[in-house]
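A short worksheet on the structure shown next.
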Amino acid sequence: MAAITVAYGHLYSSGLVRESDINSFNVPLYFPCEAEVRNIVEYERSFSLENMNFFILNWDPRDTDYINTNDSDELSQIHAKNISKMMIVILEPLLISHFGNSIIDLLFMKFEEHVAKYLSKKKPRSLFITISLTKK
């Protein structure tokens, strides 16, 4: 999410968004570990945990190269565009309701630029947890 913060900073320095709007925007994220997920399911008692899987994926879900630790300039542009599209799907409704529609295109253009620069130096990955529950 640091890349989106940099993009907001660009919009703020350009006078397109107010600092108070940025400070009042909150996307609560929580990244539990395996033990936390198991404890919550057990504590809640409505479900039994049937299966739990972990996946480590590149930020760009279309990027299947898990050997290289950074991208070429050309690949970093392609992967940054894919990541930006994914983030638009996730964040656009929240952003429009808070900031309005006028900043979306520029925000994600700046986000994409920042991500491309980052990917040319480092190829980050994310951990995903999937669980299968059965109602008791």
Side-chain angles (χ1 to χ4, degrees):
M1 290 301 266
I4 202 81
T5 303
V6 171
Y8 283 131
H10 174 79
L11 297 182
Y12 171 71
S13 65
S14 300
L16 298 172
V17 294
R18 295 186 311 246
E19 184 177 9
S20 61
D21 287 339
I22 292 172
N23 291 338
S24 64
F25 183 68
N26 183 27
V27 178
L29 297 173
Y30 179 67
F31 301 99
C33 67
E34 177 181 1
E36 289 175 290
V37 173
R38 288 185 186 283
N39 288 340
I40 290 169
V41 171
E42 289 171 11
Y43 177 79
E44 209 284 325
R45 296 181 184 226
S46 295
F47 297 94
S48 59
L49 181 62
E50 299 298 323
N51 194 5
M52 184 181 302
N53 293 303
F54 300 88
F55 301 93
I56 296 176
L57 299 173
N58 289 322
W59 276 7
D60 177 2
R62 293 182 177 161
D63 179 4
T64 58
D65 177 3
Y66 287 91
I67 296 172
N68 293 310
T69 57
N70 63 341
D71 280 334
S72 67
D73 286 342
E74 182 182 344
L75 281 176
S76 68
Q77 295 294 324
I78 293 167
H79 295 312
K81 182 171 270 321
N82 291 338
I83 293 165
S84 183
K85 287 178 183 178
M86 181 178 63
M87 293 303 289
I88 288 171
V89 169
I90 295 167
L91 291 175
E92 186 177 44
L94 297 169
L95 294 169
I96 288 174
S97 70
H98 191 79
F99 295 102
N101 200 28
S102 62
I103 68 160
I104 300 300
D105 292 338
L106 183 57
L107 176 69
F108 282 100
M109 182 182 76
K110 293 299 177 185
F111 172 80
E112 187 177 318
E113 289 172 8
H114 183 71
V115 169
K117 286 178 192 172
Y118 186 75
L119 291 175
S120 68
K121 297 175 188 141
K122 183 176 180 175
K123 194 171 190 172
R125 297 189 170 106
S126 297
L127 175 69
F128 291 87
I129 302 173
T130 60
I131 60 173
S132 174
L133 302 172
T134 302
K135 187 163 177 72
K136 290 184 177 180

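All values derive from a computational prediction rather than experimental measurement.
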Please tabulate, for side-chain N and O atoms in residues 27-41, each donor-acceptor pair with protein atoms closer than 3.5 Å (sequence neighbours left out).
unit_1, atom_1, unit_2, atom_2, d
Tyr30, OH, Glu36, OE2, 2.3
Glu34, OE2, Arg38, NE, 3.1
Glu34, OE2, Arg38, NH2, 3.0
Glu36, OE1, Cys33, N, 2.8
Asn39, ND2, Ala35, O, 3.2

Nearest heavy-atom pair of [X] and [Y]: which atoms, and what distance?
{"X": "Phe55", "Y": "Thr130", "value": "CE1-OG1, 3.5 Å"}
{"X": "Ser120", "Y": "Ser76", "value": "N-CB, 3.9 Å"}
{"X": "Trp59", "Y": "Met86", "value": "O-CE, 3.4 Å"}
{"X": "Arg45", "Y": "Lys136", "value": "O-CD, 3.3 Å"}
{"X": "Ile4", "Y": "Phe108", "value": "CD1-CE2, 4.0 Å"}
{"X": "Ile129", "Y": "Met52", "value": "CG2-CG, 3.8 Å"}

Exceeds 12 heavy-atom contacts within 6.0 angstrom, atom [atom1] of [X]:
{"X": "Leu127", "atom1": "CG", "value": "yes"}
{"X": "Arg62", "atom1": "CZ", "value": "no"}
{"X": "Asn53", "atom1": "CG", "value": "yes"}
{"X": "Tyr43", "atom1": "OH", "value": "no"}

Practice task
Indicate the ring-plane relationship of His98 and Phe25, choosing parallel, tilted or perpendicular according to the 30° and 60° boundaries.
Solution key: tilted
How long is the gap from [atom1] on [X] to [atom2] on [Y], to the nearest 0.5 Å?
{"X": "Asp60", "Y": "Thr64", "atom1": "CG", "atom2": "OG1", "result": "9.5 Å"}
{"X": "Ile103", "Y": "Leu95", "atom1": "CD1", "atom2": "CG", "result": "6.5 Å"}
{"X": "Phe111", "Y": "Leu106", "atom1": "CZ", "atom2": "CG", "result": "14.0 Å"}

Problem - Backbone of Ala80 reached by a side-chain donor or acceptor of Ser84 within 3.5 Å - result: no
Practice task
For Asn58 and Asp63, indicate whether the former's side chain and the latter's backbone hold a donor-acceptor pair under 3.5 Å.
Solution key: yes
Exercise for the section: Begin with the C-alpha distance, continue with both residues' side-chain angles, and end with the deciding distance and a verdict on side-chain contact (heavy atoms from CB on, under 4.5 Å) for Leu119 and Ile83. Expected result: CA-CA 11 Å; Leu119 291 175; Ile83 293 165; 3.8 Å; yes
Taking side chain as C-beta onward, heavy atoms only, is [X] less than 4.5 Å from [Y]?
{"X": "His114", "Y": "Lys110", "answer": "no"}
{"X": "Leu75", "Y": "Asp65", "answer": "no"}
{"X": "Phe99", "Y": "Ile104", "answer": "no"}

For the hydrophobic clusters of this structure (ILVMFWY residues joined by side-chain heavy atoms under 4.5 Å, transitively), does one cluster hold both [X] and [Y]?
{"X": "Val89", "Y": "Met109", "answer": "no"}
{"X": "Ile78", "Y": "Leu57", "answer": "no"}
{"X": "Ile90", "Y": "Leu94", "answer": "yes"}

Exercise for the section: Verify side-chain contact (heavy atoms from CB on, under 4.5 Å) between Asn51 and Ile131, making sure each step is shown before the conclusion. Expected result: CA-CA 6 Å; Asn51 194 5; Ile131 60 173; over 6 Å; no
Exercise for the section: Among residues two or more places apart or on two chains, list those pairs meeting salt bridge (charged side-chain N to carboxylate O under 4.0 Å, His left out) that have a residue in residues 74-90. Expected result: Lys81-Glu112
